[in-house]
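Just so it is clear, the model here is predicted, and its values are computed rather than measured.
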Amino acid sequence: MSMFDLSGKVALLTGASKGMGLAMASALAEHGATVVISARKQDQLDAAAAGINKAVGAERAHGVACNVGYKDQLQALVDKTHALAGPIDIVVGNAGVNPYYGPTSEIPDDAYEKTMAANVQSNLWLAQMVAPDMVAKGSGSMMFTSSIGAFKPSVMLGTYGMSKLALIGLVRNLAAEFGPKGIRFNAICPGLVKTDFARELWDNPEVAKRIENEIPLRRLGEPDDFAGLAVYLGSDASRYMTGQALTVCGGSNMWT
């Protein structure tokens, strides 16, 4: 258990009031970390934090509302995390958007800019804001949610995939820059997961069945499938892993 022990660690998560983010926050708290979860709606965060605290039998979770598309709100989130829990050891950048479904050649400027700002630039901002905490300690782990959409073109979800490929590029560059300081950066690349964010892609029995038949494990992903990965990447168990894009897709992407 000591390999995965997160006692005394502070984790900051975005996009964590439900779905994958909440599953990862719950797992980090269960292994001893104090977690600050963020999303846009405070009421959902309060309910999520209360659920985590009840499950672990301690006050280890706090909810702080934040829209990651705004740099000042991200800075306020980091500042509030410091006030609530202290210097940050683990970052999970899980928040993301997909405001446009259609050909990349026809995307409006505002939708393109929103996609890239939320999915890429906000994570750079977050890394810049938190890195000093980790540099001071000589250790730390940041993980950002990318997608298997980063690895292939798509006629209707191409810009989303582009942003997630750019995020992997960001992770690799930060891993190279901050490796000498002891900070690790990795990307998590989910396949299709049954979350509200991806509901339009799976909430149809016929479509879901077709997709499941293309997945070697014969099922869609569930938020809890990412709980152990967050603990692994946040703990000393992964102390020699950085700059990687870990694909978690039930085998659907193993040949790409």
Side-chain angles (χ1 to χ4, degrees), residues 1-68 70 73-96 118 122-123 125-127 129-131 133-134 137 139-145 184 186 188 190 193-197 221-238 248:
M1 287 296 293
S2 61
M3 185 181 293
F4 299 97
D5 184 16
L6 298 174
S7 298
K9 301 293 186 181
V10 175
L12 172 58
L13 302 95
T14 64
S17 63
K18 55 186 176 180
M20 281 175 51
L22 179 56
M24 291 190 282
S26 299
L28 293 172
E30 287 167 2
H31 284 74
T34 296
V35 299
V36 175
I37 58 175
S38 81
R40 287 179 294 176
K41 297 181 179 179
Q42 188 65 48
D43 58 337
Q44 293 182 359
L45 290 166
D46 290 340
I52 293 173
N53 289 332
K54 182 178 180 181
V56 301
E59 293 293 316
R60 288 193 202 140
H62 309 274
V64 179
C66 171
N67 184 330
V68 299
Y70 297 90
Q73 291 193 32
L74 266 181
Q75 186 63 63
L77 171 63
V78 172
D79 293 344
K80 185 66 172 178
T81 300
H82 289 157
L84 288 168
I88 300 163
D89 302 282
I90 301 165
V91 165
V92 181
N94 183 62
S122 71
N123 288 313
W125 288 337
L126 190 56
M129 293 169 186
V130 176
D133 286 1
M134 299 182 177
K137 293 186 176 186
S139 66
S141 175
M142 301 198 204
M143 61 197 88
F144 300 104
T145 301
R184 299 183 293 106
N186 290 287
I188 299 170
V193 183
K194 295 181 73 173
T195 62
D196 287 345
F197 180 80
E222 298 284 352
D224 284 347
D225 291 327
F226 297 83
L229 182 56
V231 173
Y232 171 68
L233 289 177
S235 70
D236 286 343
S238 61
V248 186

ask   = Could you go step by step and tell me if Thr81 and Val64 meet the side-chain contact (heavy atoms from CB on, under 4.5 Å) rule?
value = CA-CA 8 Å; Thr81 300; Val64 179; 5.5 Å; no
message = Show every salt bridge (charged side-chain N to carboxylate O under 4.0 Å, His left out) that has at least one partner inside residues 221-238, sequence neighbours left out.
response = Arg219-Asp225
key: Arg184 (side chain) donor-acceptor with Ser139 (main chain) under 3.5 angstrom   = no
task = Looking only at non-hydrogen atoms, find the nearest pair between Ala48 and Ile37 and report the distance.
result = CB-CD1, 3.7 Å
Worked verdict on Met134 versus Met142 for side-chain contact (heavy atoms from CB on, under 4.5 Å) = CA-CA 10 Å; Met134 299 182 177; Met142 301 198 204; 3.7 Å; yes
inquiry  = For a quick test of reading the model, state the closest non-hydrogen atom pair linking Ala227 to Ala23 and the distance between them.
reply    = CB-O, 3.8 Å
Expected output: side-chain Ser235 to main-chain Phe4 donor-acceptor under 3.5 Å = no
query = Does Asp89 reach the main-chain N or O of Val10 with its side chain, forming a donor-acceptor pair under 3.5 Å?
reply = yes
query = Between the side chain of Ser238 and the main-chain N/O of Tyr232, is any donor-acceptor distance below 3.5 Å?
reply = yes
task = Before giving the answer on side-chain contact (heavy atoms from CB on, under 4.5 Å), spell out for Val193 and Val248 the whole-Å C-alpha distance, their side-chain angles and the decisive distance to 0.1 Å.
result = CA-CA 10 Å; Val193 183; Val248 186; over 6 Å; no
ask   = Looking at side-chain heavy atoms only, is the closest gap between Arg40 and Cys66 below 4.5 Å?
value = no
query = Under 4.5 Å between any side-chain heavy atoms of Leu28 and Leu6, yes or no?
reply = yes
Closest non-hydrogen atom pair between Lys194 and Pro223, with its separation = O-CD, 3.8 Å
ask   = Where is the tightest heavy-atom contact between Ala39 and Ala16, given as atom of each residue plus distance?
value = CB-N, 4.4 Å
task = Taking the side chain as every heavy atom from C-beta outward, state whether Arg60 and Ile52 have any pair of such atoms under 4.5 Å apart.
result = no
message = Is it true that, when you exclude Lys41 itself, more than 12 heavy atoms of the residues, nucleotides or ligands shown sit nearer than 6.0 Å to its NZ?
response = no
task = Tell me, with the steps shown, if Phe144 and Val91 meet side-chain contact (heavy atoms from CB on, under 4.5 Å).
result = CA-CA 8 Å; Phe144 300 104; Val91 165; 4.2 Å; yes
query = Can you find a side-chain donor-acceptor pair between Asn94 and Thr145 that sits under 3.5 Å?
reply = yes
inquiry  = Please check: side-chain N/O of Ser141 versus main-chain N/O of Ile90, any donor-acceptor pairing under 3.5 Å?
reply    = no
ask   = Rounded to the nearest 0.5 Å, how far does CG of Leu45 lie from OG of Ser17?
value = 5.5 Å
request  = For residues Gln42 and Ala65, report the shortest heavy-atom separation together with the two atoms involved.
outcome  = OE1-N, 3.0 Å
request  = Ignoring hydrogens and angles, tell me if any N or O in the side chain of Asn53 forms a donor-acceptor pair with the backbone of Ala61 under 3.5 Å.
outcome  = yes
inquiry  = Can you confirm whether Lys137 sits close enough to Asp133 that some side-chain heavy atom of one is under 4.5 Å from a side-chain heavy atom of the other?
reply    = no
message = Can you tell me how far apart CE (Met24) and CZ (Phe226) are? Round to the nearest 0.5 Å.
response = 8.0 Å
request  = For Ala230 and Met143, work out which heavy atoms get closest and say how close.
outcome  = O-CE, 3.6 Å
key: Residue that, paired with Leu126, satisfies side-chain contact (heavy atoms from CB on, under 4.5 Å) out of Leu74, Ile88, Val92, Val68   = Leu74
